[in-house]
Number of protein chains: 2
Amino acid sequence: MKLSIKTDYACRAIAWMAQHYDEDQTVHVQALAAAQGIPENYLVQILTVLRSAGFVKSKRGKDGGYCLTRPPGKICFGDVVRAVQGHVLDIPSLGDPNCPEGMKEVWRKIKHSAEQIADSVTFEDLVSASEQGGGMFYI
Amino acid sequence: MKLSIKTDYACRAIAWMAQHYDEDQTVHVQALAAAQGIPENYLVQILTVLRSAGFVKSKRGKDGGYCLTRPPGKICFGDVVRAVQGHVLDIPSLGDPNCPEGMKEVWRKIKHSAEQIADSVTFEDLVSASEQGGGMFYI
DNA sequence: ACGAATCTTTAGTAAATCACTCAGGATGGT
DNA sequence: ACCATCCTGAGTGATTTACTAAAGATTCGT
């Protein structure tokens with residue numbers, strides 16, 4: 001079970017826009033790509049996904065760019081991850097009748113726990129964590 | 001983040017051998033494959049991994065087969081998953097200096113939680129759960 | 001209206017991974 | 001010797017990943 005870099009990029013993109021949310025400016029793809037170390041052409045595709053999922057809106061033309069559609073406190077990790085890769089954790093055998101019920105319960109428990117953590121952290125939490133420069137969980 | 005069917009097969013194989021552990025018999029690949037709905041030739045490869053990881057031992061020749069090297073209570077989910085796929089959750093961006101620290105902490109927390117659950121369940125737990133025919137967690 | 005800067009969309013692609021399949025060899029009991 | 005079983009390594013079609021590229025649409029300043 002491996003986190004795809006695409007999902008990570010998506011979260012980084014949202015995180016960056018969350019940090020610049022109060023300035024009420026659009027962010028250029030190029031700037032975002034450079035700031036987060038993401039290949040520009042790849043980021044474009046990711047932003048398209050994030051736009052159709054409703055997290056960001058875009059403006060074309062000169063002085064165009066991207067910005068969040070709602071405050072960072074209203075977007076959680078889980079939402080973004082699900083928009084990019086469907087599930088936080090995808091456990092195909094949960095739908096397999098050959099898989100013993102006891103095992104399914106273990107997978108389900110792991111899946112549920114991952115989802116709960118991802119859903120409990122918003123991008124506002126990330127912004128405040130980075131402003132304090134310190135841990136947001138193990139204070 | 002998707003669970004590979006290979007890992008699932010590996011756990012099913014161990015689970016099946018755990019259920020037949022007290023009989024102190026070897027299990028044939030063919031029987032195991034049929035019982036758990038796993039392609040036989042694929043299962044062979046998985047058992048090889050499990051053997052070199054020390055979970056099972058094999059016997060060749062007529063009346064050969066596989067059995068666990070230790071009681072099911074001494075083998076946990078996490079062990080088997082790590083033997084097959086390296087990590088319970090693999091988060092490559094934890095090693096990426098471009099990934100913001102706050103995000104790493106979220107991934108780390110999810111990873112840690114998944115590992116802890118996987119490490120807290122043994123295959124003996126699975127056997128007793130299936131004997132009772134009921135839930136092992138949400139009693 | 002023009003041109004530059006930006007986003008939009010679609011297509012392509014090399015590499016890796018997944019989930020097998022197969023063939024031939026080694027081993028051990030009878 | 002024979003046969004049932006495990007052992008090993010090679011091969012493979014399909015899918016996914018992580019990009020790259022190119023041609024088009026939109027907006028703004030002038």
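Quantities reported herein were computed from a predicted structural model and do not represent experimental measurements. Every chain is numbered from 1, with letters handed out A, B, ... down the list of sequences.
When atom types are taken as modelled, the side chain of S113(A) and the backbone of K109(A) share no donor-acceptor pair closer than 3.5 angstrom.
In this structure, the CD1 atom of I46(A) is 15 Å from the C1' atom of dT8(C), given to the nearest Å. Atom pair L43(B):CG and dC22(C):P shows a separation of 16 Å (rounding to whole Å applied). Rounded to whole Å, atom P of dC18(C) lies 11 Å from atom CG of L3(B). Atom pair Y42(B):OH and dC6(D):P shows a separation of 19 Å (rounding to whole Å applied). At whole-Å resolution of the value, NZ in K2(B) and C1' in dA19(C) are 11 Å apart.
Taking only side-chain nitrogens and oxygens, Y66(B) comes nearer than 4.0 Å to OP1 or OP2 of dC7(D). Not one side-chain nitrogen or oxygen of S58(B) sits closer than 4.0 Å to the OP1 or OP2 atom of dT5(D).
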Exercise for the section: Go through D8(A) and M103(B) one step at a time and tell me if the side chain to side chain contact (heavy atoms under 4.5 Å, CB included) criterion holds. Expected result: CA-CA 9 Å; D8(A) 190 57; M103(B) 276 187 45; 3.2 Å; yes
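For Q19(B), the side chain to side chain donor-acceptor pair (under 3.5 Å) criterion is met by S130(B), not counting sequence neighbours. Partners of K57(B) by side chain to side chain contact (heavy atoms under 4.5 Å, CB included), not counting sequence neighbours, listed by chain and number: C67(B), T69(B). Under the side chain to side chain contact (heavy atoms under 4.5 Å, CB included) criterion, N41(B) pairs with no residue at all, not counting sequence neighbours. Scored by the side chain to side chain contact (heavy atoms under 4.5 Å, CB included) test, P72(B) finds A18(B), Y21(B), L68(B), F123(B), E124(B) as partners (sequence neighbours excluded). Looking at residues two or more places apart in sequence or on another chain, you find no side chain to side chain contact (heavy atoms under 4.5 Å, CB included) involving T26(A).
Put simply, the side chain of S93(B) does not reach to within 4.5 Å of the side chain of I5(A), judged on heavy atoms. Between M17(B) and L47(B), the closest side-chain pair of non-hydrogen atoms falls below 4.5 Å.
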Give every pair of a protein N or O atom and an N or O atom of nucleotides 9-11 of chain D that lie under 3.5 Å apart, one pair per line with the distance.
residue: dA10(D); atom: N6; partner: Q45(B); partner atom: NE2; Å: 3.4

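Centroid-to-centroid, the aromatic rings of F77(A) and W107(B) come within less than 6.0 Å.
Once rounded to the nearest 0.5 Å, the distance linking CG of L32(B) with CD1 of I14(B) reads 9.5 Å. Rounding to the nearest 0.5 angstrom, the gap separating the OG1 atom in T48(B) from the OH atom in Y66(B) is 5.0 Å. In this structure, NZ in K2(B) is found 11.0 Å from CD in Q85(A), a value given to the nearest 0.5 Å.
Axis angle, first five pairs versus last five pairs of the helix from dA1(C)-dT30(D) to dT30(C)-dA1(D): 10°, rounded to 10°.
Annotation: proximity of residues 84-99 of chain B to DNA chain C (heavy atom, distance under 4.0 Å) is found for no residue. Of the residues in residues 4-16 of chain A, not one comes within less than 4.0 Å of DNA chain C through any heavy atom. Using a 4.0 Å cut-off on heavy atoms, the residues of residues 28-40 of chain A that approach DNA chain C are H28(A), V29(A), listed by number.
Taking each heavy atom of V49(B) and A83(B) in turn, the nearest pair found is CG1-O, 3.7 Å.
Using a 4.0 Å cut-off between a side-chain N of Lys or Arg and a carboxylate O of Asp or Glu, R108(B) and E115(B) do not qualify as a salt bridge.
Under the 4.5 Å side-chain heavy-atom criterion for Ile, Leu, Val, Met, Phe, Trp and Tyr, L50(B) and V88(B) are members of the same hydrophobic cluster.
Heavy atoms of V56(A) sit nowhere under 4.0 angstrom from any nucleic acid atom.
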Completion exercise
The contact string for nucleotides 23-30 of chain D, one letter per nucleotide 5' to 3', using protein heavy atoms under 4.0 Å with B, S and - for base, sugar-phosphate only and none, comes out as --BBBS--
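Residue pairs meeting the salt bridge (Lys or Arg N to Asp or Glu O under 4.0 Å) criterion with at least one partner in residues 74-97 of chain A, sequence neighbours excluded, are D79(A)-R82(A), R82(A)-D119(A), D96(A)-R12(B).
Counting non-hydrogen atoms of other residues, nucleotides and ligands closer than 6.0 Å to CD of Q30(B) gives a total of 12 or fewer.
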